[in-house]
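Order of appearance sets the numbers: ligands from 1, and atoms from 1 within every ligand. Basis for what follows: all heavy atoms, side chains included, without hydrogens, waters or symmetry-related copies. One is the number of the first residue; the rest follow in order along the sequence.
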Amino acid sequence: MDTPVRAPHGLLIRTAQALGLKDPGLLRDQAYIGGSWVDADEGGTIDVDNPATGEVIGTIPAMGAAETALAIKAANAAWAGWRARTAKDRAAVMRRWFEMIMAAQEDLARIMTAEQGKSLAESRGEVAYGASFIEWFAEEGKRAYGDTIPSFAGDKRIVVVKEPIGVAAAITPWNFPIAMITRKVGPALAAGCPIVVRPSEVTPYSALALAVLAERAGVPPGVLSVVTGHPKPIGGEMTSNPLVRKLSFTGSTPVGKLLMKQSADTLKKLSLELGGNAPFIVFDDADLDAAVEGAVASKYRNAGQTCVCANRILVQDGVYEAFAARLAEAVGRLRVGNGADKDVTTGPLINAAAVEKAERHIADAVAKGARVAMGGRRHALGGNFFEPTLLLDATPDMILAREETFGPVAPLFRFKDEAEAIRMANDTEFGLAAYFYSRDIGRIWRVAEALEYGMVGINEGIISTEVAPFGGVKQSGLGREGSKYGIEDYLVVKYLLMGGLKA
Ligand SMILES: O=CCCCC(=O)O
């Protein structure tokens with residue numbers, strides 16, 4: 001833990017220059033544990049590359065169970081001091097952190113685009129979205145109200161208080177390298193919990209930059225640690241270590257299930273934000289222009305690599321052709337390229353496996369009768385770039401009807417009536433987000449209530465905001481993030497029975 005702070009390696013310094021960062025100190029290639037910047041015990045590293053160019057932009061420490069255990073120990077040591085502070089005091093630290101994140105928005109966006117690929121406009125948006133969780137929860141921590149309960153006896157009183165659950169751990173994905181961290185760290189810190197974060201090894205620099213700013217904002221040592229490395233040893237320690245009382249994970253359903261099994265022995269409280277298979281339903285009575293705009297925003301956001309991206313677009317018979325034609329026009333306006341370049345709307349996919357999955361889904365759909373209206377193949381730019389794709393005549397027997405494609409592929413299914421749309425929409429083991437477009441108020445209520453999903457966008461293609469509860473049902477997970485509900489996952493209810501009131 002006493003490793004002297006070292007300057008980033010030359011490669012990362014060159015990356016900071018190439019990105020034109022105003023504050024090159026944001027780019028760190030050491031992990032942040034217990035308030036110190038450290039290398040892996042064994043000195044191992046992992047290369048981090050730019051998915052648009054394939055170039056290695058730097059390395060990060062390849063840490064494992066030992067370093068994770070150290071971070072958890074440091075968090076546990078910091079817990080008493082952090083929980084003892086008032087909510088207002090914690091909020092002041094968080095507010096400073098929020099302001100620093102927003103002041104560094106451009107640098108953070110450049111770092112994010114370099115490691116994740118999304119367009120700079122999307123990265124700037126994500127920085128603001130990510131920061132909003134810190135701002136929101138700084139305030140919400142002040143409202144972790146308890147309760148009084150009418151007593152069962154005249155000489156006794158019942159009081160319920162909410163307390164921080166203790167050391168939290170977070171495992172976060174590569175598709176939203178800042179927002180998925182702040183959506184967990186915000187409520188943890190506000191509730192009085194220290195937290196250890198394991199960012200994806202593919203997009204660690206955004207997380208480490210957040211840690212730089214947290215340190216500058218005065219988040220005490222140990223209250224936030226960022227451990228970098230391969231998922232298995234770090235996840236193994238986080239799930240088995242009894243000091244960790246709460247684990248929050250965003251990622252795939254199979255990995256969520258594994259973490260749940262691994263957490264069983266120490267019975268951790270879990271938040272799992274897992275896979276989706278979002279239906280996007282367009283009824284005959286929809287405002288078609290609005291539906292097209294919503295479909296593009298929902299489907300092609302982050303090149304289709306978002307758990308709430310529309311995965312199946314269900315269109316009613318009467319408007320099928322008209323909607324398909326207008327959507328094709330809109331898809332034709334998307335610009336694929338390096339996210340750092342001006343006017344690019346659609347960056348590369350994260351890696352070669354993602355490109356192969358999109359290809360596999362399209363090939364299967366075409367073999368089963370789908371027609372390619374737009375795109376359908378790797379982009380001429382090569383590498384991880386893929387053409388925004390529109391498929392017509394998709395049917396439920398295709399792989400893309402059951403699995404998340406996680407790429408820029410929009411399959412259009414056809415349905416006859418409301419009952420069929422609801423049946424098709426719910427015909428999946430997932431239940432994260434659903435969307436539908438209609439102007440009939442009766443239908444709007446019926447469909448909203450019939451959809452078995454945690455979130456429903458009605459005449460809206462983007463539903464994410466810090467003020468609303470984000471989360472799923474069925475195999476899309478457990479718990480809610482954001483909003484007043486999000487802090488509950490980091491609190492425990494304690495009931496106090498006070499007797500001895502007799503004079
Ligand atoms: O993949 C899931 C990330 C969720 C992004 C959002 O909050 O919309």
Side-chain angles (χ1 to χ4, degrees), residues 101 109 112 115-119 121-137 170-187 197 199-200 202-203 206-207 210 231 248-256 259 271-278 280 294-311 347 349-351 354 357 403-409 430-435 453-457 460-483 485-486 489:
I101 295 170
M112 189 185 298
E115 65 181 0
Q116 201 278 339
K118 64 180 69 176
S119 72
E122 284 188 291
S123 291
R124 290 184 192 112
E126 186 186 333
V127 174
Y129 176 47
S132 74
F133 290 104
I134 304 302
E135 183 188 39
W136 166 269
F137 282 109
I171 301 178
T172 59
W174 50 263
N175 58 347
F176 285 79
I178 284 188
M180 293 308 97
I181 292 177
T182 53
R183 196 150 82 180
K184 300 174 192 314
V185 172
V197 178
S200 165
V202 177
T203 55
S206 299
L210 279 181
S248 180
F249 168 70
T250 297
S252 73
T253 296
V255 174
L259 293 170
S271 298
L272 301 173
E273 200 268 273
L274 309 176
N277 180 2
F280 185 105
V296 171
S298 170
K299 174 68 257 184
Y300 298 100
R301 176 181 181 210
N302 198 17
Q305 304 172 110
T306 305
C307 54
V308 290
C309 272
N311 198 54
L349 298 189
I350 194 68
N351 55 28
K357 185 176 188 189
E403 278 180 26
E404 250 181 325
T405 304
F406 235 61
V409 180
F430 299 106
L432 192 56
Y435 309 84
Y453 287 83
M455 299 173 282
V456 180
E460 290 291 339
I462 299 286
I463 50 176
S464 308
T465 159
E466 77 280 13
V467 306
F470 191 105
V473 298
K474 295 162 78 178
Q475 296 201 28
S476 289
L478 307 170
R480 291 294 178 268
E481 294 190 313
S483 81
Y485 303 99
D489 276 3

Rounded to the nearest 0.5 Å, how far apart are [atom1] of [X] and [atom2] of [Y]?
X: W174; Y: S206; atom1: CH2; atom2: OG; result: 13.5 Å
X: E481; Y: T250; atom1: CD; atom2: OG1; result: 4.5 Å
X: R124; Y: S119; atom1: CZ; atom2: OG; result: 8.5 Å
X: I178; Y: M112; atom1: CD1; atom2: CE; result: 3.5 Å
X: R183; Y: W136; atom1: CZ; atom2: CH2; result: 14.0 Å

Looking at [X], which atoms of ligand 1 are within less than 4.0 Å of one of its heavy atoms?
X: S464; result: 6 (C), 7 (O), 8 (O)
X: R183; result: 4 (C), 6 (C), 7 (O)
X: F176; result: 3 (C), 5 (C)

Below 4.0 Å, non-hydrogen atoms only: which portion of R301 touches ligand 1? Side chain, backbone, both or neither.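 Only the side chain of R301 comes within reach of ligand 1.
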
Check I463 against ligand 1 and report side chain, backbone, both or neither, counting heavy atoms closer than 4.0 Å.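 Looking at I463 and ligand 1, no heavy atom falls under 4.0 Å.
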
Considering distance alone, does some N or O of T250 sit under 3.5 Å from an N or O of ligand 1?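 No, T250 has no N/O under 3.5 Å of an N/O on ligand 1.
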
Are any of the side-chain nitrogens in K118 or E126 under 4.0 Å away from the carboxylate oxygens of its partner?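 Salt bridge: yes.
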
Can E273 and F470 be said to form a side chain to side chain contact (heavy atoms under 4.5 Å, CB included), step by step? CA-CA 8 Å; E273 200 268 273; F470 191 105; 3.4 Å; yes

Does some non-hydrogen atom of Q305 fall short of 4.0 Å from ligand 1?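 Heavy atoms of Q305 never come under 4.0 Å of ligand 1.
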
Measure the distance from atom 7 (O) of ligand 1 to every protein heavy atom, then report the residue, atom name and distance (to 0.1 Å) of the closest one.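 Protein heavy atom with the smallest distance to atom 7 (O) of ligand 1: Y129 OH, 2.6 Å.
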
Atom 1 (O) of ligand 1: which protein heavy atom is closest, and how many Å away?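 Answer, as residue, atom name and distance: C307 SG, 2.6 Å.
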
